[in-house]
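Single-structure report; data block below.
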Number of protein chains: 2
Amino acid sequence: MEERQARTAFAALSQETRLRIVRLLVQAGPDGMAAGAIAESVAVSPSNVSFHLKDLEHAGMIVPRREARSIIYSADFNGLRDLIAFLMKDCCAGHPEICAPALAAAQCGPSTAKKKARA
Amino acid sequence: MEERQARTAFAALSQETRLRIVRLLVQAGPDGMAAGAIAESVAVSPSNVSFHLKDLEHAGMIVPRREARSIIYSADFNGLRDLIAFLMKDCCAGHPEICAPALAAAQCGPSTAKKKARA
DNA sequence: CCTACAATTCAATAATCATTGAAATGAGGA
DNA sequence: TCCTCATTTCAATGATTATTGAATTGTAGG
């Protein structure tokens with residue numbers, strides 16, 4: 001992944017509505033959700049959600065597909081993985097065992113994000 | 001992690017200089033780097049790097065410590081983990097086995113970010 | 001104590017971005 | 001074909017955010 005695209009992705013995730021959309025779709029999984037359902041779920045106007053969906057698509061965080069009259073969006077898990085990998089690339093100068101323990105809990109799942117004592 | 005802080009973190013990472021600083025410090029590991037060395041490494045003015053360092057510190061992405069006359073910054077690996085965990089929380093409605101394969105390569109390390117066929 | 005240096009603060013400017021409502025597109029069903 | 005509905009586009013406005021250079025703080029070493 002190039003730096004430029006990573007910045008676009010982080011910028012996309014830095015906005016309230018867009019972050020909620022991505023998390024909604026991450027939790028929805030591969031089935032995804034229609035644009036209208038997303039708009040209702042995050043409580044913004046159709047016009048505005050369309051604006052943000054395009055931004056997220058351009059950032060490689062979500063992917064659209066047509067289904068009947070609706071357009072279904074789902075999280076782009078490959079894009080998400082690439083973004084995280086870019087951020088963490090060559091961590092600890094190629095000795096990930098140094099920071100791996102601190103990152104172990106970052107794997108996705110229902111309850112991996114536990115509260116813990118911060119260093 | 002709260003949504004608000006996650007947004008602050010993503011916004012911090014969305015800026016060219018700040019993203020470079022974080023990746024620099026991720027690769028530098030726990031030893032970290034002095035503010036001046038960071039400024040030189042990313043080629044911006046001391047004033048400007050100070051501005052961005054404060055922003056990254058406030059976002060929980062880096063942590064400072066004093067050492068003689070210098071201030072040494074290092075990546076906050078706990079903060080990075082929390083951010084990733086927040087983004088991926090409850091992925092696939094609590095069935096991470098669906099998306100885990102797509103995210104497996106996101107672990108930090110020297111060469112985990114391989115090129116692969118995107119779905 | 002006083003000088004030098006590393007880092008930060010400050011005010012002003014320029015640039016980018018989110019939001020709104022109305023109008024337009026385009027795919028399906030009757 | 002015609003009509004309906006889901007989504008998108010557009011232009012205008014208001015609100016953040018990055019950058020710059022000068023001035024300031026605070027820490028040490030002589």
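Order of the sequence lines fixes the chain letters, A, B, ..., with proteins taken first and strands second; residue numbering starts at 1 for each chain.
In this structure a side-chain-to-backbone donor-acceptor pair under 3.5 Å is present from Gln15(B) to Thr17(B). Under a 3.5 Å cut-off, the side chain of Thr8(B) and the backbone N or O of Arg4(B) do form a donor-acceptor pair. Checked by atom type and distance alone, the side chain of Ser41(B) never pairs as donor or acceptor with a backbone atom of Ile38(B) at under 3.5 Å. Remark: the backbone N or O of Ile72(B) is not paired with any side-chain donor or acceptor of Arg65(B) at under 3.5 angstrom. Under a 3.5 Å cut-off, the side chain of Arg23(A) and the backbone N or O of Phe86(B) do form a donor-acceptor pair.
Residue His52(B) places no side-chain N or O under 4.0 Å from the OP1 or OP2 atom of dT17(D). For dA6(C), neither phosphate oxygen OP1 nor OP2 lies less than 4.0 angstrom from any side-chain nitrogen or oxygen of Tyr73(B).
More than 12 non-hydrogen atoms from other residues, nucleotides or ligands lie less than 6.0 angstrom from CD of Glu97(B).
For the pair Leu83(B)/Gln5(B), no side-chain contact is recorded, criterion being any heavy-atom separation below 4.5 Å from C-beta on. Side-chain contact between Tyr73(A) and Leu25(A) is present, with heavy atoms from C-beta onward closer than 4.5 Å.
With rounding to whole Å, Phe10(B) atom CZ is found 16 Å from dT17(D) atom P. As a whole-Å value, the separation of Ile71(A) CD1 from dT9(D) P is 9 Å. Across the protein-nucleic acid pair, Leu53(B) atom CG and dT8(C) atom C1' stand 10 Å apart, rounded to whole Å. For the pair Arg7(A) CZ and dC17(C) P, the computed distance is 11 Å after rounding to whole Å. Distance Asp55(B) CG to dT16(D) P: 15 Å, rounded to the nearest Å. The NZ atom of Lys54(B) sits 11 Å away from the C1' atom of dA7(C) (whole-angstrom rounding). Distance CG (Leu56(B)) to P (dA18(D)): 10 Å, rounded to an integer number of Å. Remark: P of dT16(C) and NE2 of His58(A) are 15 Å apart, rounded to the nearest angstrom.
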Chi angles and distances behind the side chain to side chain contact (heavy atoms under 4.5 Å, CB included) call for Ile84(A), Met88(B): CA-CA 11 Å; Ile84(A) 297 169; Met88(B) 292 306 175; 3.9 Å; yes

Test side chain to side chain contact (heavy atoms under 4.5 Å, CB included) applied to Val26(B) and Leu80(B), step by step: CA-CA 10 Å; Val26(B) 161; Leu80(B) 288 164; 3.8 Å; yes

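Of all the heavy atoms in Pro30(A) and Ser74(A), the pair that sits closest is O-CB, 3.9 Å.
Note on Ala39(B): nothing from the nucleic acid sits closer than 4.0 angstrom, heavy atoms only. Backbone-only engagement by Ser70(B) is indicated by non-hydrogen atom pairs under 4.0 Å involving sugar-phosphate atoms exclusively.
One finds a salt bridge joining Arg20(A) and Glu3(B) here, because a Lys/Arg side-chain nitrogen approaches an Asp/Glu carboxylate oxygen to under 4.0 Å.
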Under 4.0 Å protein heavy-atom contacts per nucleotide of nucleotides 20-30 of chain D, with B for base, S for backbone only and - for none: BBB----BSS-

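Taken residue by residue, residues 12-27 of chain B places heavy atoms nearer than 4.0 Å to DNA chain D at Gln15(B), Arg18(B).
Each end of the helix from dC1(C)-dG30(D) to dA30(C)-dT1(D) gets its own axis, taken as the rotation carrying the C1' atoms of four end pairs onto the next four within a five-pair window, and the two axes meet at 40° to the nearest 10 degrees.
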